[in-house]
Structures are given as structure tokens and as C-alpha cells.
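The next block holds one structure in the form of C-alpha cells; read it before the comments.
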Amino acid sequence: MNQIAKVCLIGDFAVGKTSLIRRFTESRFSESYLSTIGIRVSRKTLQILDPSLQTLTLLIWDTAGSEPFTNVVRSYYRGARGAALVCDTTRTETVTSLVQYAREFHDVNPDVPLVIMANKIDLRGARAVPNEQILEIAHLLDAPLFFTSARMGEGVEEAFQRLGQLIVEKERVV
Ligand code: GDP
Ligand code: MG
């Protein structure tokens, strides 16, 4: 059986949301900023470890980000069964923003699973945020944390796979 689930990629400007989606769905990376005009939806089907469900197709919603939490953003979040919160490990403020994004997302979709992608780990020399600080936020938000690089591909598949798995498990309990 196949199911379809909408998920949102959320995070500040230029943290790598569009790049992570592109890496995951097309196995590609671009050095230039991939400007997102309006909303773009990509899809990819996951194999899920569940006796009743073989596959889960993620519809991955991408936006420009950093918009005020208005009805536009609310309508973008509506109906999502999961979200990946993305921060940039070279910019501290993008990590602290995640708490607010999680609150807003859960205001629209209470109890829906989250994962955190701490991105750009290939930029080791520019690393600005200590692991402990990111771990603390992940703990606070009760979300699995993945250190990712859209550039090198590290952690990306794993993070989306876990999100899919959490969505399926959540709905089995209900
Ligand atoms: P968005 O605004 O969150 O969608 O960010 P983009 O995906 O457009 O990425 C912003 C910039 O960061 C672009 O120049 C990307 O090439 C770069 N970028 C994204 N992910 C990574 C990564 O993992 N490593 C490195 N080195 N650069 C990245
Ligand atoms: Mg983008």
C-alpha cells in the first residue's frame, strides 16, 4: 500500500532548505542560491518498515522562508503530517529561530512529528554553533537531530527517512 504525506521544510533564509530537497529528490547540489518563488512542491517515495505499508510518498513543500507568521504561512503549514526544521551550523541565529518555527508549526498542526537538520556541516572552518547548543534545542523540541550537508549528501537521506518513519508510526498509534 502507498500513502501520501505532505511535509514542510522550515527555516531561515539561505540555511539550505531548497538545496536539501534537491539533494534528496535529485541527488544534485548547486553552489548558487536557488531562489524559491512562491511555493514549490517536490515528491519522493520512501520504503517504510511497516507490515501494513510498503511505501510513503512525501510531498515536500519548500518556500522562500523568513516570512512573518501570517495567514499565508498558516495556509502553507496546513495539512502537513511532518516538518523538517532546518538551521545553518555556521549561523547561530538560525539555530535559535527553530524554537519559534516549531511553536508556529505546532500551532497549526499540533503533535505532528518534527526532525531537525543542522546543515552545512561540510563548512567545518566556519562552524559557529557548538553541537551541545543544537542538541539542547533538539531535546527541548523532542525532535531527532541530524547533522547534514546538502553539498556532500551526509545525513540527508537519513533525516527524511526518519521523518517518514515517524509519520507512519504516529498514525499507527492513533
Ligand atoms: P534556502 O534559502 O534555505 O532554500 O537555501 P538554499 O538551498 O538556496 O541555499 C543557500 C546557499 O547555501 C546556497 O548558496 C547553497 O549552495 C548553499 N548551501 C546549501 N546547503 C549547503 C551545504 O550543505 N553546504 C554548503 N557548503 N553550502 C550549502
Ligand atoms: Mg529556498
Side-chain angles (χ1 to χ4, degrees), residues 5-44 46 58-80 82-106 108-109 112-135 137-138 141 143-164:
K6 169 180 172 176
V7 299
C8 295
L9 267 267
I10 306 172
D12 285 344
F13 178 78
V15 291
K17 299 179 294 297
T18 304
S19 300
L20 287 162
I21 294 170
R22 182 182 258 199
R23 164 61 66 195
F24 181 57
T25 61
E26 303 172 30
S27 304
R28 289 198 297 142
F29 177 76
S30 163
E31 296 289 345
S32 55
Y33 180 74
L34 309 165
S35 86
T36 311
I37 297 165
I39 290 170
R40 197 192 142 98
V41 182
S42 309
R43 71 165 64 206
K44 182 157 170 172
L46 300 174
L58 296 181
L59 294 182
I60 308 166
W61 287 46
D62 185 20
T63 58
S66 299
E67 290 156 77
F69 188 54
T70 58
N71 285 333
V72 176
V73 175
R74 285 182 161 276
S75 64
Y76 162 66
Y77 290 169
R78 202 161 292 135
L85 303 178
V86 185
C87 61
D88 177 346
T89 51
T90 71
R91 288 185 292 147
T92 306
E93 71 281 7
T94 69
V95 178
T96 47
S97 301
L98 297 185
V99 177
Q100 180 73 16
Y101 285 121
R103 189 180 304 132
E104 292 169 354
F105 181 77
H106 276 154
V108 179
N109 302 305
V112 163
L114 304 174
V115 297
I116 295 173
M117 297 188 190
N119 193 39
K120 306 197 188 181
I121 54 162
D122 57 285
L123 298 175
R124 284 173 221 290
R127 186 70 176 267
V129 196
N131 284 357
E132 301 75 57
Q133 193 182 340
I134 308 175
L135 277 160
I137 285 180
L141 299 178
L145 169 62
F146 295 85
F147 290 92
T148 63
S149 168
R151 187 166 196 273
M152 307 307 291
E154 205 170 336
V156 179
E157 186 86 32
E158 292 85 344
F160 280 105
Q161 185 70 38
R162 176 70 78 83
L163 184 59

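Just so you know, residue 1 is the first one in the sequence shown, and it goes up from there. For ligands, and for the atoms within them, numbers begin at 1 and follow the listed sequence. Only a predicted model underlies this, so the values are computations on that prediction, with no experimental measurement involved.
Considering only non-hydrogen atoms, atom 9 (O) of ligand 1 lies nearest to S19 out of S19, A126, G11, S30. Nearest-residue assignment for atom 18 (N) of ligand 1 (options K120, E154, R151; heavy-atom criterion): K120.
Judged by distance alone, the side chain of T94 and the main-chain N or O of D88 form a donor-acceptor pair under 3.5 Å. Proximity of a side-chain donor or acceptor of T89 to a complementary backbone N or O of N119 within less than 3.5 Å is detected.
For ligand 1, one of its N or O atoms has an N or O atom of V15 under 3.5 Å away. Taking distance alone, with nitrogen or oxygen atoms compared against 3.5 Å, G16 approaches ligand 1 more closely than that limit. For the pair A14 and ligand 1, the shortest N or O to N or O distance falls below 3.5 Å. Residue contacts with ligand 1: T148 is placed with no nitrogen or oxygen under 3.5 Å of a nitrogen or oxygen of the ligand (distance criterion only).
For the pair R127/N131, a side-chain contact is recorded, criterion being any heavy-atom separation below 4.5 Å from C-beta on.
Not one N/O/S atom of S19, from backbone or side chain, sits under 2.8 Å from the Mg ion (ligand 2).
Here the closest heavy-atom approach between residue A102 and residue L85 is recorded as CB-CD1, 3.9 Å.
Enclosure of atom CZ in R91 by more than 12 non-hydrogen atoms of other residues, nucleotides or ligands within 6.0 angstrom is indicated.
Between the NZ atom in K120 and the SG atom in C87 there is a gap of 10.5 Å [rounded to 0.5 Å].
Each of the following atoms of ligand 1 lies closer than 4.0 Å to a heavy atom of N119: 20 (N), 21 (C), 23 (O).
Under the 4.0 angstrom criterion for non-hydrogen atoms, S149 is in contact with ligand 1.
Under the 30°/60° scheme for interplanar angles, the aromatic rings of W61 and Y76 are found to be tilted.
Residue contacts with ligand 1 for K17 involve both N, CA, C or O and side-chain atoms from C-beta outward (heavy atoms, distance under 4.0 Å). Heavy atoms of T18 found under 4.0 angstrom from ligand 1 belong to the backbone as well as the side chain. Residue-level proximity to ligand 1 for L123 is carried by the side chain, the only part with a heavy atom below 4.0 angstrom.
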- Residues K17, D62; criterion salt bridge (charged side-chain N to carboxylate O under 4.0 Å, His left out); working and verdict: CA-CA 7 Å; K17 299 179 294 297; D62 185 20; 5.7 Å; no

